[in-house]
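Keep in mind that the numbers below use all heavy atoms, side chains included, and drop hydrogens, waters and symmetry copies. Remember, it's a predicted structure, so these values are computed and weren't measured experimentally. Just so you know, residue 1 is the first one in the sequence shown, and it goes up from there. Atoms within each ligand, like the ligands themselves, are counted from 1 in listed order.
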Amino acid sequence: MVGLATVFGAGGGTSSYQEIEDTDVIVLWGSNARDAHPIFFHHVLKGVHNGAKLFVVDPRRTASAQWADLWLGNNVGTDVALSNTIAREIIHAGLANTDFISRGTSGYPEYAASVEEWTLQRGSSVTGVPVEAIVELAHSLAKAGKAQICWTLGITEHHNGVDNVLSLINLALLCGHVGHWGSGLNPLRGQNNVQGGGDMGAIPNRLVGFQDILDPAIRAQFESAWGVSIQPKYGWHLTQMFEAMGRGELRAVYAIGENPAQSEADKGHAIHLLQGLDHLVVQDIFLTKTAELADVVLPGSASWCESEGTVTNSERRVQRCRKALDPPGGARDDIEIILDICRRLGKEFHYGEGPRQVAEAVWNEVRSLSPMHAGMSYQRIEDLGGIQWPCPSETELEPSYLHHRLWADDPADRGQPAPFSVVIDDPPVDTLSDEFPLRLTTGRRLDSYNTGVQSGGFQSPLRWGESIDVSPEDAQQHQFVDGETVAITSRRGSILAPVRIDRSLRPGLVFMTFHFPEEVDTNILTIEANDPKSGTAEFKATAVRLDKVSTSEPAWT
Ligand SMILES: Nc1nc2c(c(=O)[nH]1)N[C@H]1C(S)=C(S)[C@@H](COP(=O)(O)OP(=O)(O)OC[C@H]3O[C@@H](n4cnc5c(=O)[nH]c(N)nc54)[C@H](O)[C@@H]3O)O[C@H]1N2
Ligand SMILES: Nc1nc2c(c(=O)[nH]1)N[C@H]1C(S)=C(S)[C@@H](COP(=O)(O)OP(=O)(O)OC[C@H]3O[C@@H](n4cnc5c(=O)[nH]c(N)nc54)[C@H](O)[C@@H]3O)O[C@H]1N2
Ligand SMILES: [Mo]
């Protein structure tokens, strides 16, 4: 979001799922959508069915890559090098979209000069991607009338994640793939309502509707609606919170629907910091590991199918979420609990009676304060099957893609041009060495979810539990058999896991999830290095070594 907000002023994907189905080129970059965004992936497959060419850029030959016309298996942490090389090739082949560059962008000469050092040979040797593959992606992208660049954590979970995103935005600007039907830049959001959470102000620097908390006029509106005073300063994002705990500046935490004792990088350190708090409150639908550390647990909040409200997906579409079941026992809606806490802190809000009425009243307050949501009544959201923001008018609808003004014929209508960014290749913090020669990247599998709290309780026929996935070459070199338990050691700690030999991995690369922390504690290994611009930790690049531990029977054969 930080990258998109920096260039375009709005932190949201720029197109729509419908346009994914009507485009010429789709690039999934650092995204395994087949496993992690299966519904979105159906739109991708429809696009492919309609003639789009699919490229996947991922160090692993993922389930998504198996559907691709071309897979570019780059080395972990070389995405800036790859996109700069692609950019230079586009420029040198005379394929840059000079019309769009002069209409809608700024900073092109500096950018073009900065990628000049990225010859195909250099790019190929740094990234590990063959020259022909780089050329094919470059030429297909630049020649396409419409193209969609989609990314997720393979791009963002690096200490230079924002630079990675900026380097992909550069490619779209270079080819004119933004601001018109069928083209776009799409960060796929992790949970069903991450986009909505950010839009509602659950980020350190914005109020509802992505409005800057430092703007006095905006603050004044919220102060008068809420009857409170709002401090004119930016807050901390999650990583900064943990840093502040380390300095003793943050003494109390209220965690709602988050399990940081399992999901934080270098979790041994994270748990130590959580234990040192004066006061920890956890509000969750399960008793998590974080809840076990808490002073107060607010249990049994109603889950999504037991609550009313809205969720906003990766294409910025606000949809209704309706209560299908009564919550079990005395479980209550998160919002009821929060309103109760407000009351006990001395501030009463009156939104009516019952979940449906409260949810709609809160939503109408959002509409009154956030221009981009103003036109979305509950009735209209129902009638239209969801509405994408921005929707300022109750009668009109905006196009499904953002930033069309960048193409306007009259320069006066164009607004701020989108700036190119000069982005420098910056390898992972956790360097490979003789002691730690293998690159561990962590991620997800289809049938489990994050720290396993919500998916740990069922038996899937597909599930094998956690494993350390190793290329056949590395397994042979270490003389590992499939299923053998081995020790995985990083600069922060050591854990045990069974080996799974996996042909989707290239030599030197190993893979784990973090879905089974009770049995295999992946985040003991990961590094807390993070991108200061976004606070996102470098979960995707850990240096490890593997050692044999025993001659015991393999966990499976
Ligand atoms: N089944 C399932 N679905 C989920 C989740 C889940 O736990 N389970 N979690 C949800 C959440 S919170 C999120 S944020 C999303 C995440 O969705 P994704 O980001 O798609 O999932 P990951 O598997 O974490 O990472 C994606 C890919 O990044 C690749 N990668 C690693 N390093 C690099 C690199 O340096 N460069 C490039 N180009 N690629 C790299 C990995 O090999 C991996 O295939 O999934 C959501 N959906
Ligand atoms: N090694 C490694 N670590 C990672 C990542 C990685 O790729 N590799 N990815 C990172 C990413 S992208 C993410 S998003 C985080 C995820 O980290 P977390 O968000 O900490 O992990 P989850 O398991 O999704 O925890 C969500 C919690 O919300 C609770 N919950 C669900 N619904 C509700 C509700 O309606 N109300 C309330 N109050 N609670 C609810 C669930 O019970 C669960 O305990 O992990 C990060 N950690
Ligand atoms: Mo996520």
State whether [X] and [Y] are salt-bridged, where the test is any N-O pair (Lys NZ or Arg NE/NH1/NH2 against Asp/Glu carboxylate O) under 4.0 Å.
X: K289; Y: E292; result: yes
X: R444; Y: D35; result: no
X: D199; Y: R206; result: no
X: D469; Y: R445; result: yes
X: R320; Y: E308; result: yes
X: D502; Y: R500; result: yes
X: K53; Y: E136; result: yes

Among [options], which one puts a heavy atom closest to [atom]?
atom: atom 4 (C) of ligand 2; options: Y449, W304, F539; result: F539
atom: atom 35 (O) of ligand 2; options: S307, G190, A302; result: A302
atom: atom 26 (C) of ligand 1; options: G443, G30, A63; result: G30
atom: atom 18 (P) of ligand 1; options: T513, T152, V80; result: T152

Problem - CD1 (I39) with more than 12 external heavy atoms under 6.0 Å - result: no

In this structure, does ligand 2 have an atom that sits under 4.0 Å from one of the heavy atoms of [X]?
X: Q262; value: no
X: M512; value: no
X: E264; value: no

Distance alone, cut at 3.5 Å: any donor-acceptor contact between the side chains of [X] and [Y]?
X: E89; Y: H139; result: yes
X: D79; Y: W29; result: yes
X: N530; Y: T536; result: no
X: N164; Y: H158; result: no
X: E466; Y: T513; result: yes

Element-labelled atoms of ligand 2 that are located less than 4.0 Å from some non-hydrogen atom of [X]:
X: Q191; answer: 14 (S)
X: I256; answer: 38 (N)
X: D334; answer: 34 (C), 35 (O), 36 (N), 37 (C), 38 (N)
X: T451; answer: 21 (O), 22 (P), 23 (O)
X: K540; answer: 7 (O)
X: T288; answer: 44 (O)
X: F286; answer: 42 (O)

Which ligand 1 atoms, with their elements, are less than 4.0 angstrom from a heavy-atom of [X]?
X: D35; answer: 1 (N), 2 (C), 3 (N)
X: T441; answer: 31 (C), 32 (N)
X: G77; answer: 34 (C), 35 (O)
X: R60; answer: 41 (C), 42 (O), 43 (C), 44 (O)
X: W29; answer: 38 (N)
X: H37; answer: 15 (C), 17 (O), 45 (O)
X: S31; answer: 20 (O)
X: S448; answer: 1 (N), 2 (C), 6 (C), 7 (O), 8 (N)

Fill in the blank from the handout: Looking only at heavy atoms, the pair that brings V7 and S421 closest together is CG2-OG, 4.4 Å

Practice task
Could you pull out the closest heavy-atom pair between F514 and T522, with the gap in Å?
Solution key: CA-OG1, 3.9 Å

What do we get for [X] next to ligand 1 when only non-hydrogen atoms under 4.0 Å count, side chain, backbone, both or neither?
X: H158; answer: side chain
X: S455; answer: neither
X: N450; answer: both
X: L153; answer: both
X: R445; answer: backbone
X: N32; answer: both

Do any N/O atoms on [X] end up under 3.5 angstrom from N/O atoms on ligand 1?
X: T78; answer: no
X: T62; answer: no
X: D447; answer: no
X: A36; answer: yes
X: N75; answer: no
X: G154; answer: yes
X: P59; answer: no
X: D79; answer: yes
X: L446; answer: yes

Of all the non-hydrogen atoms in the protein, which one sits nearest to [atom], and at what distance?
atom: atom 46 (C) of ligand 2; answer: S263 O, 3.6 Å
atom: atom 11 (C) of ligand 2; answer: R444 NH2, 3.4 Å
atom: atom 8 (N) of ligand 2; answer: T442 OG1, 2.8 Å
atom: atom 43 (C) of ligand 1; answer: D58 OD2, 3.4 Å

Practice task
May I ask you to check if ligand 2 and G257 share an N or O to N or O distance below 3.5 Å?
Solution key: yes

Practice task
Report yes if some N/O of N259 lies less than 3.5 Å from some N/O of ligand 2; otherwise report no.
Solution key: yes

Exercise for the section: With side-chain contact (heavy atoms from CB on, under 4.5 Å) as the test, would you mind laying out the steps for N523 and D266 before giving the verdict? Expected result: CA-CA 6 Å; N523 277 331; D266 192 2; over 6 Å; no

Exercise for the section: Please confirm whether R189 comes under 4.0 Å of ligand 1, counting heavy atoms of the residue only. Expected result: no

Handout entry: Passing option when D430 is tested against K540, R439, R492 for salt bridge (Lys or Arg N to Asp or Glu O under 4.0 Å)
Key = R492

